[in-house]
Each structure stands twice: as structure tokens, then as C-alpha cells.
Protein chains: 2
Amino acid sequence: MTTLKDVARKAKVSLATASYVINGSDLISQPTKDKVLFAAKELGYRPNGNAKNLKKNKNEIIGLFLSGFTGPFFGELLEGIQDTVIEKGYEMVVCASDDKHRLLMERYVDGAIILNYHIKDELLNYLASDKFPIVVLDREIENPFIKQITLPNSLGVEHSVNHLVELGHKRIGFITGSEESYDGEMRLKGFKKTLSQRGLIYREIDLIRADFTETSGLLSMKTYLDEHEEYPTAFISANDEMAMGAIKAVQQKGLQVPDDIAFVGYDDIDLSKHFHPPLSTVRVQKKLWGITAAETLFKMLDKETGFEVEDIPIEFIPRSSSLKGGERDSG
Amino acid sequence: MTTLKDVARKAKVSLATASYVINGSDLISQPTKDKVLFAAKELGYRPNGNAKNLKKNKNEIIGLFLSGFTGPFFGELLEGIQDTVIEKGYEMVVCASDDKHRLLMERYVDGAIILNYHIKDELLNYLASDKFPIVVLDREIENPFIKQITLPNSLGVEHSVNHLVELGHKRIGFITGSEESYDGEMRLKGFKKTLSQRGLIYREIDLIRADFTETSGLLSMKTYLDEHEEYPTAFISANDEMAMGAIKAVQQKGLQVPDDIAFVGYDDIDLSKHFHPPLSTVRVQKKLWGITAAETLFKMLDKETGFEVEDIPIEFIPRSSSLKGGERDSG
DNA sequence: TTGTAGGCGTTATCAT
DNA sequence: ATGATAACGCCTACAA
């Protein structure tokens, strides 16, 4: 592989001069620059990032560590992070780290954003430092070098429950995914809490565990309907996809939404407003979540201190999947 | 930051010994090993990947370069690549490289898989070499160090067209996304080709450009229906999401699918069989696509030569969105 | 304006 | 079984 030394030799200049040229120093005369650039192109020179970074002691890369690529893949979140990272002149890499977490261990990145339940708190506490800040999106953890940017999940579900209670619902079910999802569990927690606040009881029997996909929502709800005699008059789902699947199952059974069973989702994905019926849901600004996470990480990298992290705003969006005709007209 | 030298000093051994211990050499006595490991833990030692890789002249990381994180994000594809990469003891990073392509330029990865129309053929030709193999998923390119693993797009659409023609359709429309998508354009090309093979004419007016999302399919079809008096009796869509959106638009207009307009999608995403009506489509094994891409890259890294790359299999799946009652019964 | 040389943290060869 | 030491490719004072 061509090194800078080869380029220098070919251009008949010293290594230092070649380095200056490659790095765009303007202490070098134009003829010399041309010679070096020409030689570099001729030889197909590519700088060695490892050597550069070893010297500079930083990579200008931040890493996003996910648990996998299937399932709910947060496109907007990634966009938010990516935009911020690029703006700062950094690069972002996303990895589904296996159990060795090599990329995390061996300082390939200057900071990390974690959304991966496989990575243990213990490891994060070990890694995080002054020089290696971490932002977590999927847990709470006490460490001066780790900041958490979590969604106001409980609050969102509180809105949903209140909405349904005000419409007169007394028995409300909940659809969620695996227990490994922090957001899912927090939403469930908010559900239980608000139910009790409103004087309703939480029934384990009306909790459906799917896996956050539309298909799983459909299948789980189908099973639920087949195996139960009586149903709640409303369901809240931990995300929109499962709500849509569940609604399809209900409709296929010949029941009406929202008249027989009302539904409220979570996230307000693009499709929710076009769904039939349009889905009531909680809008989450995932892109802002990503931006906030990345900006927080950069503040930590810049050794800023004492800053406040703003909550990610949410908004309850009532639509037809929970509002009957009369209710829609009146509010 | 703690270095191996610090560890060695603390353990009162030489740098070399510390290195041996960290790398699990068994030439070292157990007591010495213990001393070093203890010191390393005490100091929170983390190896410096840059230094290691500089020395070893390889990173054992392969990179997947995408054009962005929104839009159709090929979860299965990523899974396929990831599985293969992990099996080989490598890591995978995925990046949406900006215009500087630093990660690609500066040898942060030992090989690359490209699905990013922003990256020019010229750059790939410049980068690819004996030591830096590249697999492209989104173009055709002539270079001994670049292999292409593309989908049999044209063939898939050929099945779809034949299916519709055999059902008696004479005017068939096509829904696709941006021209920047290689797969989309190839599917369109296959559409035009097969139409003419079957003696039908291709009409520009029946080509709908959306952006591969369900929402865009819905909106574009709505516009199409509003702006035209007469419609094709069938549409083929370059992916399932747009087909579903378009079907919703058609249904909202009070028309029947497939009786008034039949639809065929592409990809056979999970949801297609649960859609109402279930969507006729072309099944693509995207995970196998990822596996094939990654395996091909590793063969190139291993300097294997003369191997054949198998085509990714596809299969036409007829469902109700293109089959009327009688047709379903009889076949 | 250009060259010399030391060092970034490792690994690995060669001694001991 | 362990230690010295020379690379790996690059950057950057400091010299010239």
C-alpha cells in the first residue's frame, strides 16, 4: 500500500513537505504542491486513518450502538443524529455490536450513543470517562460521564389513558412488545400508573405481548380475540405498528373500530393519519430525540458542563380510531 | 488515557510481557499473567485500536455504505451481512457517508459494501484494489476488484407482467420511486421490456413516480386518479409499500381491488400477506442478498478467485390483489 | 520554503 | 519466561 513516504519519494520532497501538502498547509510553494499532489494521484495514495488518529489521539467518529437491524428501526432518530454529527465535522457509524463490543472497547469512536439492551450497565460504567462520553437512550444510569436522553413515555401514555377515560372507557387493555425494550416497559408503567390514578384496575389478562411489528400486533390480537369471551372497550398500544395490526384483526373478526373497540397507538408514524380509521396516537419527535442525543454527546466532548437537557416534546393526537362520530363533531 | 506501558510499569514487567499477557500468549507464567491482568483492571486499561491496526495493517471491520437512513431501510439485508461478518470474526459498521467519504478514503474498513448512489463509480474505481475489495449492490461496474451482487429485478417484473397479461390485462401502469434507485430503475426497465415482448405498449402517462413509501404511494395514486379520466386495469409497483398506499387511494375513491384495478407489488414484505386484499408480489430473499454480498467480499479478502456468484432467487406470489374470485379458485 | 527527527500505542523479532 | 527495541504511517515542533 502506498504511504506518504512513497509519495514524497516520487515527488522528490521530504516526508514533512508531502504531509504539509496533503493537509493543505499554505506554507508550501505552488510548484511543490503540484508535484506532490500529482505523485499522490499517480500512486493512488490514501491516507492511513489509523496512523493519523493514533497521532491525533482522536477519530472524530461517534458510534451508535443498536441491538439489531430488524424490528423498529428508528429512521428519524438516525437522521437526527447523522445531521448533527455531520454538522460537527464528525462521522457516525452504526453497529449492532456482538458480545465482544470491540468497537466500543478499543476506542474506534470518540463517544457513543447506546440503544442496545445487550450492553450492560457495568460495561458502560467501565468505559465512560472524561475522554469517552456516552449517551444512553434505553436506560437510566448514574454516572457523571453518561447522560440519558429518554423519551417521556409515561407522560404520553398518561394522555392516552386520560383521553379514553374521559370518553367513558372503564376497561382498557394494553399491547406491548418484549420486556427488553425500555420504552415499551416505561409506556406500560405509565399505563398502570395512570389507570390507578383514575381509579381503574389493571388486569394482567388484558396485556398483550407482541414484538412491535404490525404483523405481530395482528396475530396477537387475533389470538386474544379467539381466546377471550369479553374484551376491553379500548386498547392502548406501545407503538403504532402494533395498533394497526391489532385493528386489522378486530376488523377481520367483524367488529367495529372504534365503536366496539377503540385504539390508541404511540409514535405517530407517517402512516397513522392515512390508516383506516386514522389512528389516535402520541406524536414523538424522534428526529429531535436524535439531535438532542448527539448534541448532548458533543457538549460532553467539548467539556461543557452544567447544561440542561430539554425533554423531547410529545403531543397527543386524537383521531377516529378512538373517537366516535359524535365525539369527533364535538371535539 | 492508560496505555499498555502504564500497565507494564504498574505490574513491574516489560512492555513486551504486558502485551503478551493481554493477547493471551501462553509463554507467560501464571503469576506474571495475574499481575498484569490485575494492573490492567486497576487502571481501566483499554487497548488502542488505532495503534493495533496500524501495526497489524488491518482492522477486521467491513463497512456498509448507505445513502441514508430513512426510506426503505433493508433490515433483512443488514441482518444477512451482519451475521456473516460476525461469523468471520469481523465487525460491521454502517454509515451514510457524506460527500467526503472519509471512512471509505482513510482505510477504516478492510472492505466495503456499497448501496449509495451518492458514491460515484469513479471513486470506487479509485479505491478498489487487491487489498481493498468492494461489493456493489446498486450498480454495474467493470473492475477486477469490484463485484456486483444485484437483484434479478427485471426477471421479477417479467413474472408480474406475464401474470397480469394472462389474466387479460391490456393496459398496465407502473409505480416507482426516484430515478436514483438502481433497483427501481431496473424494475421499470424490466416492465417496459416485458410489455413490448407481450405486444403491449408502454405509456408514459401511466408511470407514477413516488418515493418508495406507503404514504407517497397513497398520495401519488390519489393525484393520479383525480387527474385522469381513464385508468389502467392493473398497476405494478416497484415495491410493496407503495402498492399498499396506492390500493388505499383506489379504495378511498370507491373503486374495487382487484375488480376495477389489480395490483402487484415487489419484495413480499412481511405485511403483504396480511394486507386487505392480500398483495400479489415478487418475493425477494433480502437476507440472502446480504449474506451473498458479505460472503463475496470475504472471498475477495481471502484472495479466492474464479468463484461464481449465485443469483438471488425470486418467486412470484399471486394473491388476491390481482386475482378475482374465480381466478383464485381455479389457480 | 523545506527537511530532520521524535513520538503516538502496539506488536513482534531477537536476545537473554 | 521475560526484556529491549524496531517498526507500523503519520504529524509537527524545531532546524536549516
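These numbers were taken from a predicted model, which means no experiment stands behind them.
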ask   = Can any side-chain N or O of A:D211 pair as donor or acceptor with the backbone N or O of A:T213 at less than 3.5 Å?
value = yes
ask   = With a 4.0 Å cut-off, would you call B:K58 and B:E60 a salt bridge?
value = yes
query = Taking atom C1' of C:dA12 as reference, at what distance in whole Å does atom CG of B:L27 sit?
reply = 12 Å
ask   = Does the ring of A:F38 carry A:K33 above it, NZ/CZ under 6.0 angstrom from centre and within 45° of its axis?
value = no
query = Within this structure, what is the OH-to-P distance between B:Y108 and D:dG9, rounded to whole angstrom?
reply = 16 Å
Ion pair B:D267/B:R187, N-O distance below 4.0 Å = yes
Option among A:I146, A:I113, A:I149 that satisfies the side chain to side chain contact (heavy atoms under 4.5 Å, CB included) test with A:V136 = A:I146
A:N50 backbone acceptor or donor facing A:N48 side chain under 3.5 Å = yes
Table of protein N/O atoms under 3.5 Å from nucleotides 9-11 of chain C N/O atoms:
| from | atom 1 | to | atom 2 | distance (Å) |
| --- | --- | --- | --- | --- |
| C:dT10 | OP1 | B:Y45 | OH | 2.6 |
| C:dT10 | OP1 | B:N48 | N | 3.2 |
| C:dT10 | OP2 | B:L4 | N | 2.7 |
| C:dT10 | O5' | B:Y45 | OH | 3.3 |
| C:dT11 | OP1 | B:N23 | OD1 | 3.3 |
| C:dT11 | OP1 | B:N23 | ND2 | 3.4 |
| C:dT11 | OP2 | B:S19 | OG | 2.9 |
| C:dT11 | OP2 | B:N23 | ND2 | 3.1 |
| C:dT11 | O2 | B:K55 | NZ | 3.1 |

message = In this structure, how many angstroms lie between the P atom of D:dC11 and the NZ atom of A:K58, rounded?
response = 14 Å
Interatomic distance, A:Y126 atom OH to A:N143 atom CG [nearest 0.5 angstrom] = 14.0 Å
Any A:S14 side-chain nitrogen or oxygen under 4.0 Å from OP1 or OP2 of C:dT4 = no
note = As a check of understanding: the bend across the helix from C:dT1-D:dA16 to C:dT16-D:dA1, end axes from five pairs, rounded to 10 degrees, works out to 40°
ask   = For A:D6 and D:dC8, what is the distance between atoms CG and P respectively, to the nearest whole Å?
value = 11 Å
ask   = Hey, does the side chain of A:W289 reach the backbone of A:L137 with a donor-acceptor pair shorter than 3.5 angstrom?
value = no
key: B:R107 CZ to D:dC8 P, straight-line distance once rounded to whole Å   = 15 Å
task = Report yes if at least one side-chain N or O of A:T17 is closer than 4.0 Å to OP1 or OP2 of C:dT2; otherwise report no.
result = no
ask   = Can the positive tip of B:R46 be found less than 6.0 Å from the middle of the six-membered ring of A:F132, inside 45° of the ring normal?
value = yes
Euclidean distance, atom CG of residue B:N53 to atom C1' of C:dC8 [Å, nearest integer] = 14 Å
